[in-house]
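Residue numbers start from 1 in every chain, and the chains themselves are labelled A, B, ... in the order their sequence lines are given, proteins ahead of strands. Computed from a predicted structure; not experimentally measured.
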Amino acid sequence: MPELPEVETIVRGLDPGLRERAIAGTELLFPPLLRRASARDLAALVGKRIAGVRRRGKMIVIECRGGPTLVFHLKMTGQLLLAEPGAPRDKHTRLVITFADAASELHFRDIRKFGFLLCLAQTPHGTRAGHDAGAADTCAELASLGPEPLAVTSDEFAGRFAGKKARIKGLLLDQTIVAGIGNIYADEILFDARIQPETPASSIGREGWVRLWKSTRRILNKAIRAKGSTVRDYVDTSGRAGRFQFSHRVYDREGEPCRACRTPIKRIRVAGRSTYFCPSCQRKRRRVVSTHITMLPKR
DNA sequence: AGTTCCCTGAGG
DNA sequence: CCTCAGGGAACT
């Protein structure tokens with residue numbers, strides 16, 4: 001379940017590891033991985049150097065100098081691994097990219113085959129990493145994304161929800177409103193902001209939006225520092241698990257005591273997703289005086 | 001805005 | 001055997 005913090009961790013592992021390296025070849029072991037292109041289009045990568053790797057929402061953008069741009073979405077079980085050259089491929093390995101220097105190779109694994117790869121033709125002008133919009137940002141998958149939650153002001157953040165009446169949990173998952181939040185972090189952010197997940201956006205007051213914005217920043221930044229959450233399949237580019245799952249307050253803790261008030265955590269279904277919250281700390285339409293929850297000691 | 005589906009593995 | 005996990009598209 002790579003969400004923003006996991007994808008950010010992967011990008012931070014890939015960028016220094018891949019920058020300026022020349023691609024020697026590609027092996028597409030599961031052709032449906034590649035959307036709107038064929039394995040032949042990947043041949044345009046050979047001989048090109050990687051200009052940089054960046055993140056947009058939950059997507060990973062790899063730009064090549066004078067060559068195509070690759071966009072990966074890992075969905076739930078996708079992994080990008082920097083492997084030893086000739087490292088064994090298992091039945092879940094979908095793509096291997098090799099490099100001229102043979103220092104390492106890039107493996108894409110995906111148990112459930114939900115992930116996808118775009119190979120976007122080079123734009124006539126810019127190919128500098130991270131600056132020019134280039135091919136990537138104008139493709140449908142990226143163009144539809146809302147802003148980065150860590151790059152907006154509290155007013156911009158609240159403005160993205162203006163006029164929406166749906167339940168806040170569902171809106172946090174909507175990538176066109178704000179990009180990068182998935183099921184785990186939506187629940188953790190709402191707990192931190194003490195907002196009940198079914199609260200209609202229209203009934204969140206001004207201070208509620210500021211709290212939600214602050215909690216979004218706090219939780220995502222903490223999770224990035226912990227290199228993400230490993231609940232099931234997520235590992236970074238070295239195959240290592242994250243550590244933020246040990247800091248989860250509500251996600252996957254049904255029936256366990258709230259770390260703030262010991263009330264058992266509830267699980268409900270919102271927007272088709274399991275949703276965990278503390279029925280005491282996250283009461284509906286509750287005016288909250290203090291911004292800070294004091295955590296009880298563990299056990 | 002809610003439901004179904006894609007897919008595979010884990011757990012009951 | 002069954003259900004569940006969940007990002008996002010496609011449907012109703």
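Neither OP1 nor OP2 of C/dG6 sits under 4.0 Å from any side-chain N or O of A/Thr77. Proximity of A/Gln175 to the phosphate of C/dG7: no side-chain N or O atom is located under 4.0 Å from OP1 or OP2. An OP1 or OP2 oxygen of C/dC4 is reached within less than 4.0 angstrom by no side-chain nitrogen or oxygen of A/Arg269. Applying the 4.0 Å criterion to OP1 and OP2 of C/dG7, one finds that A/His73 has every side-chain N and O outside that range.
Side chain of A/Arg232, nearest nucleotide from B/dC7, C/dG8, C/dA5: C/dA5. Nearest to the side chain of A/Lys91, among B/dG9, B/dA1, C/dG6, sits B/dG9. Taking every side-chain heavy atom of A/His92 into account, B/dT8 is the closest of B/dT8, C/dG6, C/dA5. Candidate nucleotides B/dG9, C/dA5, C/dG7 were compared by shortest atom distance to the side chain of A/Ile111, and B/dG9 ranks first. Among C/dG7, C/dA5, B/dC7, the nucleotide with an atom closest to any side-chain atom of A/Lys113 is B/dC7. The listed nucleotides are C/dG8, C/dA5, B/dA1; the one nearest the side chain of A/Arg112 is C/dA5.
In this structure, A/Arg249 forms no cation-pi arrangement with A/Phe191, as its terminal cationic atom is not both closer than 6.0 Å to the ring centre and no more than 45° off the ring axis. Remark: A/Arg243 is not positioned above the aromatic ring of A/Phe246, lacking an NZ or CZ atom under 6.0 angstrom from the ring centre and at most 45 degrees off the axis.
Across all strands shown, A/Arg267 has heavy atoms under 4.0 Å from sugar-phosphate atoms exclusively, and none from any base.
The heavy-atom pair separating A/Asp90 from A/Arg109 by the smallest distance is OD2-NH2, 2.6 Å.
Heavy atoms of other residues, nucleotides or ligands lying less than 6.0 angstrom from NZ of A/Lys48 number more than 12.
The distance from atom CD of A/Gln79 to atom P of C/dG7 is 16 Å, rounded to the nearest whole Å. Residue A/Lys75 contributes atom NZ, which lies 18 Å from atom C1' of B/dG9 at whole-angstrom precision. One can place CD of A/Glu141 at 11 Å from P of C/dG8, the figure rounded to the nearest angstrom. Between the CG atom of A/Leu74 and the C1' atom of B/dC6 there is a distance of 17 Å, given to the nearest Å. A/Lys165 has its NZ atom 9 Å from the P atom of B/dA1, to the nearest Å. Between the C1' atom of C/dC4 and the OH atom of A/Tyr251 lies a distance of 11 Å, rounded to the nearest Å. One atom, CZ of A/Phe114, and another, P of C/dA10, lie 14 Å apart when rounded to the nearest Å. A straight line from NZ of A/Lys169 to P of B/dA1 spans 16 Å, rounded to a whole angstrom.
Nucleotides C/dG8 and B/dG9 have their P atoms positioned 22 Å apart, rounded to a whole Å.
Residues A/Phe108 and A/Phe72 bring their aromatic ring centres within 6.0 Å.
Contact of A/Arg167 with B/dG2 (side chain to base): no donor-acceptor pair of N or O atoms is detected under 3.5 Å.
Annotation: the span from A/Phe157 atom CZ to A/Thr216 atom OG1 amounts to 3.5 Å, rounded to 0.5 Å.
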